[in-house]
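What follows is a single structure, written as structure tokens, with notes after it.
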There are 2 protein chains.
Amino acid sequence: MAKKGINQDIIQKTNRSLLLKYLRREGTCSRVHLANLTELKQATVTNIMKDFIDWEIVKEVGFLNGNKGRRSIGIAVNKDMFRVIGVRIARKYFKVALYDLTGELITEKRIELENETNRNASDIIEMVADSIKTIIIDNNNEKILAIGVALPGPFIAKKNRIGLITGTEGWNNVDVRQLLLERCGIPVFLEHDANAGAYAHMWGLKDAYKDEVLIYVAAGQGIGAGIIIEGEIFRGALGTSGEIGHMSIDRFGEKCACGNQGCLEKYASSTELVKKVNEELNLEVAVNFKQVKEWIENGDELCVNLYKESCRNLGRGIINLINILNPDIIIIGDEMTRPNPKIMQEEVSETVSKGILKELWKEIDLKVSQYNGDSILDGAAIMAINEVFNNPSIFLEKI
Amino acid sequence: MAKKGINQDIIQKTNRSLLLKYLRREGTCSRVHLANLTELKQATVTNIMKDFIDWEIVKEVGFLNGNKGRRSIGIAVNKDMFRVIGVRIARKYFKVALYDLTGELITEKRIELENETNRNASDIIEMVADSIKTIIIDNNNEKILAIGVALPGPFIAKKNRIGLITGTEGWNNVDVRQLLLERCGIPVFLEHDANAGAYAHMWGLKDAYKDEVLIYVAAGQGIGAGIIIEGEIFRGALGTSGEIGHMSIDRFGEKCACGNQGCLEKYASSTELVKKVNEELNLEVAVNFKQVKEWIENGDELCVNLYKESCRNLGRGIINLINILNPDIIIIGDEMTRPNPKIMQEEVSETVSKGILKELWKEIDLKVSQYNGDSILDGAAIMAINEVFNNPSIFLEKI
DNA sequence: CTTTATTAATAAATTCTTTTAATATATTTA
DNA sequence: TAAATATATTAAAAGAATTTATTAATAAAG
């Protein structure tokens, strides 16, 4: 979008968003504490919290024990007053889940799409909408403020129209937001899946928000990255940033459908790992990732070696990311970390530490995700919550 | 830096910076015109311009012809009221130049460092300071508001302390800003050279500032990139973003001093091009880039072919940049574009167009710089001007 | 030549922020 | 109990953009 003059709305939006992040992470704390964390003045915190309390999304919860002086009044997100829905649409399944306002998962449903190959995008969206309605009814028609949806990419995100441009057929230029909005009548927010994962990880960090650049690398069937700069998702010109799966690490490498050759996906995705295992074994019936994962877990030499190689290749991609973006934190997640996170951590660290300047390696925080749950699904919901706290109009009508 | 709450200062700083960018680009225009360009209200423009005019950095310049209605009052940057100094420190020379407040070059001096290999950083800074003093005296002691300095990288920029960490010896952890400030007594602003180049190019664009992401690729003896996001330089965690020269495009490629292998610099820098030419010719006395450039200009087949290969390799690096950052604009500049910009444009475009998704290629603006002058030197000065417009305290003391 | 519509710039009042400073409140400690 | 300390709130202030109204200048229409 055009870079235009800015006004006061942006101040408050930023400060509200920041206060929410801290308040949720702290669980229960005092206003003064929030003021210290955000470097806002106490009065500012009081003002914003007064709004939040009016809107019933924050509440006071008794007193906190202090050492000296007046006791603090504990405040916390009023997590059970409203709900949000998180949706993750993947290539072979989708999930719909209910969350409280702190981003805590309440209930989750997963629907397989393996046998639905003849369905087009709007059919699937219909299924998603039905699941949403069901989950709402099953939970006593609780008040839902928003729906956050995570989608696989790459996609063009301009003008709120999301068109998947590779992978699944029939998703080109589909206006997912509009279709879901029509069917559910609740505000819908879309996000690229890796971005959602990155956002969830940022929330989960112990001392988050102090970092300028966080990258979440989703290494699964494909490889994508979510890039967060100063607490905000970085999307690039068309919303396709973070397509690191199609970054080349080998100029003489294998051709890829994207036109490039030597794409990282060809060397570090689970799809390719499984392919290589099958090539080596040459069995009658090809094995799948689940099987390969088991073999790696059991220490099968061939599989472990191929896995290690994939990890090292991923490391080579991460070296490039570091040189270009100089992030504070890189978190590796998704399918490829699951067979053996320890090996992944070791191989990637080994590769990266050798491939970048010592001064950079000393400062960077590179780790395999230890996220408990589905960060992409959670991230979709969390982004919706963030929108809610910033756009009171969304739910003011509902009160 | 920590992500903290924000306040009104940021609003005005942003709006001032934006108005400056547009006003300088328009040359002379009306307040209404600026209001339209920035989407600020007329009254806001009037207010900010009133300040600028008070501080004598903007002036009214008669009337403009309109079609109907009241004539506009022309306003323009009061370019000759003050001056700024731009400095570019390169590995084998440095330049010091005087600029007016629109960023127009007035006079420039270049000092070679080829025979100064025994000098350390502070000696060189001493030389720079002397040149600055001389240029000021030679120009009737005009009022200098600030000094902008562009330096080669990579460097750690935290805490204003710039330490060059590769290349030239003796530059580790040198506080260039402080040293220059002590010697000149004028505010000093530092920037990585590729970032300065990017900034100058942004200023030079005809319809600039509407783009979210601009990347300037400085392909010279080394290869660096300046990344601009929403009109601001993106520096990353430590200030080393844009080190694309050490992005690997060949996982089996040649070892590099940085620890990585297959670094882009080994395939697309002028240093390597010259090396390859020398390897092929195996002459008694090795040729330098100037000679190679001449041969390319004259269409020597060997040199042209090697040059084309370098361009294609650069294209492969740019493909990676696009996949990761999804920029609106990429501008290629510096030494490597000079032998034959047309070939560079063709080879890079050819390579990139084949290596990214059609949907992305359609939207991206990829071009060889046609910048007239030294964008890195200019950029250093321009950034200083930007600081001046945002920090009136800098020069208010001088009035 | 006068009127009208149009455009530009400014001024005053308004609104919406955060911040400052003062005040009230509550708790510990001496 | 008094003093010190810490938290929270309130009212006023400060600073920003915006809205509304006003003044001014010009071209076009009649």
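Per chain, numbering begins at 1; letters A, B, ... match sequence-line order. Keep in mind it's a predicted model, so treat the numbers as computed, not measured.
Atom-to-atom, CG of B:Asn15 to C1' of D:dA17 comes out at 8 Å; the value is rounded to the nearest Å. We find that CZ of A:Arg16 is positioned 12 Å from P of C:dC16, with the value rounded to whole Å. Atom P of nucleotide D:dA16 and atom CD of A:Gln12 are separated by 18 Å, given to the nearest angstrom. The distance between atom NZ of B:Lys13 and atom P of D:dA17, rounded to the nearest whole Å, is 14 Å. With rounding to whole Å, A:Phe52 atom CZ is found 17 Å from D:dA8 atom P. For the pair A:Leu40 CG and C:dT20 P, the interatomic distance rounds to 12 Å; values are reported in whole Å. Per the geometry, CD1 belonging to B:Ile11 stands 18 Å off P belonging to C:dT15, to the nearest Å. Regarding B:Leu37, its CG atom lies at a distance of 12 Å from the P atom of C:dA8, rounded to whole Å.
Separation of atoms CZ (A:Arg24) and NZ (A:Lys79) is listed at 12.0 Å; rounding is to 0.5 Å. With rounding to the nearest 0.5 Å, the separation of OG1 in A:Thr44 from CG in A:Asn15 is 7.5 Å.
Of the candidates C:dA8, C:dT18, D:dA17, the closest approach to any side-chain atom of B:Ser72 belongs to C:dA8.
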Working note: B:Glu60 + B:Arg31, criterion salt bridge (Lys or Arg N to Asp or Glu O under 4.0 Å); need CA distance, chi angles, decisive distance, verdict.
CA-CA 10 Å; B:Glu60 297 191 338; B:Arg31 291 166 172 84; 2.8 Å; yes
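The existence of a salt bridge linking B:Glu191 and B:Arg235 is confirmed by a sub-4.0 Å separation between a basic side-chain nitrogen and an acidic carboxylate oxygen.
A:Asn78 places no side-chain N or O within donor-acceptor distance of the main-chain N or O of A:Lys59, the cut-off being under 3.5 Å.
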Nucleotide N/O of nucleotides 9-14 of chain D paired with protein N/O under 3.5 Å:
from	atom 1	to	atom 2	distance (Å)
D:dT9	OP2	A:Arg31	NE	2.8

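The nearest heavy atom of DNA chain C to A:Ile48 and to A:Phe63 marks one nucleotide each, and the one closer to the 5' end goes with A:Ile48. Where A:Lys41 and B:Cys29 each meet DNA chain C at their nearest nucleotide, the meeting point lying more 5' is that of B:Cys29.
Listed by chain and residue number, A:Thr102 satisfy the side-chain hydrogen bond (donor to acceptor under 3.5 Å, both in side chains) test with A:Asp100 (two or more places apart in sequence, or in another chain).
Using a 30° and 60° split on the angle between ring planes, A:His201 and A:Tyr216 fall in the parallel class, below 30°.
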